[in-house]
Amino acid sequence: MAVDELSVGGLGARVKRVEDDRLIRGKGNFTDDFKLPGMLHMEILRSPHAHARIVSVDTTKAWAIPGVHLVLTGELMAQRNLAWMPTLSYDTQAVMAMDKVRFQGQEVAAVVADDPYIAKDACEAIEVVYESLPAIVNPMQAKAPDAPLIRDDKDGQADNVCYTWEVGDKSMTDRVFERAENVVKLDCYYPRSHPSPIECCGCIADFNPATAKLTIYMTTQAPHIIRTAVALVAELPEHMIRIIAPDIGGGFGNKVPVYPGYVIATLASILVGRPVKWIEDKTGNLISTGFARDMYFHGELAIDRRGKIEGLRIHVDTDNGAFFSDAQPTKFKVGLMHSAFACYDIPYGHLTSQGHYTNKAPGGVAYRCSFRVTEAMFFQERLIAAAASDLGIDPAEFRRVNFVREFPWRTTYGMLLDSGDYDKCLTLALEKLGYEELRKEQAAARKEGRYIGIGISTMTEPLGAGNSREFDIIGIKMFDSAELRIHPSGKAVLKIGSKTQGQGHETTFAQIVAHELGIPSTDILVQHGDTDNTPFGMGTYASRSTPTAGAATSMASRKVRAKARKLAAHLLEVSEDDLEWELGRFYVRDAPQRGVTIQDCALAAYTNMPDGLEPGLENNAYYDPPNMTWPFAAYLAAVEIDPETGVWEVLRFVAVDDCGVRINPMIVEGQIMGGLAEAFAMSNMQFITFDSSGNCIGANYMDYLIPTAWETPKWELHEVVTPCPHHPIGAKGVGECATVGGPAAFVNAVMDAVSHLGVRNIDMPVFSGRVWEAITQQHDVSGFPPLAGH
Ligand code: MCN
Ligand code: CUN
């Protein structure tokens, strides 16, 4: 008898997360939990200025403090050729400032001491003399003809532009616009935000002088990439480097980049010959690492009289901060911004983009976003909503008229869609919300002076980078891996190239094996995050784990099954060709009661092999996906605004997600709920701004707000399943969908509630103050910095 898919914890089973057993009891092992013998502690001195020349750094007093082992300055780093490092976007970044500081919070010096308190005190004893320079805090200032040059360290850099990029057909698009019946335009701003995981970044660098082996315990989402990067930057042999990413308290994109602190701690350990621990504090994390968004959009749609979109023009300016350092696929300078409008059939489009250096911490990190897809989908859905409203077309109908309906489909900006049923998702969402009824209620309420609004956001997004033809980071192609070993008793160990930070890989990846082999998921141990112990992988971000490492897990399992078939044939004394497979068991085609289980085969692999067959039962797979996976989502928000205060409340929120086949529906729902909470936060509370001197406002949780269960609305979740045609189990990525598609649903709902007042745009965060201003003054409210808008 075959085993039952759900009872072995295969596809579709709501298996409880195995990792929670240790995490909920506080028994997890995070980087800061490790205490190595002889370990010292490092603290970083950060710049108080956004832009200033460094006149002198005097470390005498710091060295004199008892318990201090090492004081590091830019000069010392430079002696080792480590004052600058290459970034993941082919730029350079100062590891420690020498000539000048370029953002508030930049690394200026560091102290290694017996404990973190001594190190912190010693940092304060370092005397730095600065000569302040004018700070640039947005692209408009950066572009000004008399703007000071931020990157005067770079040969040939004459302005503050860090890249320009374009895609699409300019001349045809221009022609479409010239003869368009309607042109709708929108400008808006996606403010800077921060992933802000509970756990900050940090590491323990442990260089062993006796063996010359370097082990780094660190908070990274991509350990193998880091190993290669350390080998190249520090010129150390790669086989003598081991990166261990233990439990991670949330990544959300914050833990993808290589931060100076990792490099400094590594050099410190090499110099003192002892392990050195560096753990960021919350303010350090919030002001210096992992900023996201900070993008200015201008967009135009050419639309015919039936509401069909004929052309699309977008220009984006990005504020990249002082160094262009976020991870970016080499070919694409604004990430996957060109996935914008992918779910709509638009014959011609053109996209231009320019990046700007400013005196802010490096930005552009993908915060729960497959490389700028969050920005792309937000602007897409804002522009779609504005167009429907301007033309007086129902926003649901407008989307339906323009949805892509045939697959495969090449999008305006050249991406390949392979599957989806967009209308089905939207229709289900409208039904569940009771859209028609709610529209009537809205009209009736408006007569009583009550402002109700309905916001729609629909989008497909590319998740799962690569394929390796198009995707690489600093030349390393994007694929992923898995290694599966079955023990004699039928229990198994799966090692994967991806690295969970809370997504539940230890549970779901075991479920994939359970589905392929019928081994109960509870009999499978999933290992990840240790480069000495797992196959090379590109890490976990861009919701790529299921599309790539998940697919590799299927393929490795199938190779194991192919070998198990030989063992089964031997045990049953029949030819392989006479065997059939059902979940967990091979049987003889003509005598189905004669069979052996996968566990019988495993035992035979070590105890009773046929002549000529290698012992053991294990295999691996490196999986290079043929395409991205394209999940779809329809998010509907209904809100009511209090006209007296501008405070808005979410009445209902309906989410329909199609991420193909769901491995663990409970984990998928958790991903969507968490993502929607972040989307809600961005829509109305979460942003980081800077004053005109470049001081970061939002450096603590008093200013940078994180939603709690109290603020977070109730989510109504529903699903549609359109299997991914090229993924071995039909799964698509889902980890970011809700954060990507969510924000526009809220903003569109608020705009829908006030559009009759002539208000077309309020930039995020849609604070009550901004809404109140829009209602009372009957105008748009821009979030253009440094306006804080509280
Ligand atoms: N899954 C599933 N069925 C599917 C798709 C996914 O059961 N059809 C499961 C997966 O097996 C996995 C989880 O859902 O357990 C998310 O899968 P996937 O979409 O492949 O995304 P990744 O595992 O690659 O996670 C990355 C994604 C990103 S990029 C960010 S940012 C983010 C997110 O996940 N950061 C998170 N969700 C997070 N959740 C937590 N708790 N913490 C973070 O830091
Ligand atoms: Cu894009 S944030 Mo996630 O990719 O780690």
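Nothing here was measured: the structure is a model prediction, and the numbers come from that model. Whatever order the structure lists them in is the order used to number ligands and atoms, beginning at 1. Only heavy atoms go into these numbers, but all of them, side chains included; no hydrogens, no water, no symmetry mates.
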Audit row: Tyr163, Val334, side-chain contact (heavy atoms from CB on, under 4.5 Å) steps and yes/no: CA-CA 9 Å; Tyr163 71 84; Val334 244; 2.8 Å; yes
- request: Go through the steps for Phe297 and Met337 under the test side-chain contact (heavy atoms from CB on, under 4.5 Å), then give the verdict.
  value: CA-CA 11 Å; Phe297 312 90; Met337 186 68 206; 3.9 Å; yes
- request: Check step by step if side-chain contact (heavy atoms from CB on, under 4.5 Å) holds for His528 and Glu506.
  value: CA-CA 8 Å; His528 54 90; Glu506 290 170 30; 2.8 Å; yes
- request: Would you please test Gln503 and Ser498 for side-chain contact (heavy atoms from CB on, under 4.5 Å) and show each step?
  value: CA-CA 11 Å; Gln503 295 90 344; Ser498 63; over 6 Å; no
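Nearest protein heavy-atom neighbour of atom 41 (N) of ligand 1: Gly502 O, 3.1 Å. Looking from atom 24 (O) of ligand 1 to the surrounding protein, the closest heavy atom is Ser545 OG, 2.7 Å. Nearest non-hydrogen protein atom to atom 21 (O) of ligand 1 is Ser543 CA, 3.4 Å. Ranking the protein heavy atoms by distance from atom 17 (O) of ligand 1 puts Thr546 OG1, 3.4 Å first. Among protein heavy atoms, the minimum distance from atom 3 (Mo) of ligand 2 is reached at Glu736 OE2, 3.4 Å. Annotation: atom 15 (O) of ligand 1 to nearest protein heavy atom, Gln503 O, 2.7 Å. Nearest non-hydrogen protein atom to atom 28 (C) of ligand 1 is Glu736 CG, 3.7 Å. At the shortest separation from atom 5 (O) of ligand 2 among protein heavy atoms lies Gln221 NE2, 2.7 Å. Annotation: atom 2 (S) of ligand 2 to nearest protein heavy atom, Ala366 O, 2.4 Å. When only non-hydrogen protein atoms are considered, atom 4 (O) of ligand 2 lies nearest to Ala542 N, 2.5 Å. Nearest to atom 30 (C) of ligand 1 among the protein's heavy atoms is Arg368 CG, 3.8 Å. Shortest contact from atom 43 (C) of ligand 1 to any protein heavy atom: Phe252 CE2, 3.3 Å.
Phe509 and His505 have tilted rings, their planes meeting at an angle from 30° to 60° on a 0 to 90° scale.
Interface of Tyr541 with ligand 2, defined as ligand atoms under 4.0 Å from a residue heavy atom, comprises 3 (Mo), 4 (O), 5 (O). Taking every non-hydrogen atom of Tyr541 and a distance limit under 4.0 Å, the qualifying atoms of ligand 1 come out as 29 (S). Atom numbering of ligand 2 starts at 1 in the shown order; those under 4.0 Å from a heavy atom of Phe252 are 2 (S), 5 (O). Annotation for ligand 1: atoms under 4.0 Å from non-hydrogen atoms of Arg662 are 3 (N), 8 (N). Atoms of ligand 1 found under 4.0 Å from any heavy atom of Gly250 (numbered from 1 in listed order, with element): 44 (O). Annotation for ligand 1: atoms under 4.0 Å from non-hydrogen atoms of Thr540 are 22 (P), 24 (O), 25 (O), 26 (C). Of all atoms in ligand 1, numbered sequentially from 1 with element shown, those under 4.0 Å from a heavy atom of Val734 are 5 (C), 6 (C), 19 (O). Those atoms of ligand 1 with a heavy atom of Val661 less than 4.0 angstrom away are 3 (N), 4 (C), 8 (N). Of all atoms in ligand 1, numbered sequentially from 1 with element shown, those under 4.0 Å from a heavy atom of Gly733 are 19 (O).
Side chains of Thr87 and Gln93: a donor-acceptor N/O pair is absent below 3.5 angstrom, by distance only.
With Tyr217 as the partner, the ring-ring contact (aromatic ring centres under 6.0 Å, His included) test is satisfied by one option alone out of Phe34, Tyr262, Trp278: Phe34. When each of Phe687, Tyr367, Phe291 is checked for a ring-ring contact (aromatic ring centres under 6.0 Å, His included) with His194, only Phe291 meets the rule.
Shown here is Lys16, whose NZ atom has no more than 12 heavy atoms of other residues, nucleotides or ligands within 6.0 Å. Heavy-atom contacts from other residues, nucleotides or ligands closer than 6.0 Å to NZ of Lys559 number more than 12.
With ring centers used as reference points, Phe332 lies 6.0 Å or more from Phe371. Aromatic ring centres of Phe324 and Tyr90: separated by at least 6.0 Å. Taking the centre of each ring, Tyr422 and Phe407 come in below the 6.0 Å mark.
Below 3.5 Å of separation, one finds an N or O of Gly251 facing an N or O of ligand 1. Taking any N or O of Ile667, backbone or side chain, none lies under 3.5 Å from an N or O belonging to ligand 1.
Between Glu516 and Ile729 the shortest side-chain heavy-atom distance falls below 4.5 Å. Contact of the Pro631 side chain with the Asp657 side chain is not registered, since no non-hydrogen atoms from C-beta on lie closer than 4.5 Å.
Ligand 1 lies within reach of Cys659, whose nearest heavy atom is under 4.0 Å from it. Residue contacts with ligand 1 include Ala542, since one or more of its heavy atoms lies under 4.0 Å from the ligand. Using a 4.0 angstrom heavy-atom cutoff, Pro547 counts as in contact with ligand 1.
Contact annotation: for Arg544 versus ligand 1, heavy atoms closer than 4.0 Å belong to the backbone alone. Within the 4.0 Å heavy-atom criterion, both parts of Ile663, backbone and side chain, lie near ligand 1. Residue contacts with ligand 1 for Val668 involve side-chain atoms from C-beta outward but no N, CA, C or O (heavy atoms, distance under 4.0 Å).
Listed for the Gln511 side chain is no donor-acceptor partner under 3.5 Å among the backbone atoms of Ser521.
Considering each of Cys369, Ala465, Gly253, the one bringing a non-hydrogen atom nearest atom 1 (Cu) of ligand 2 is Cys369.
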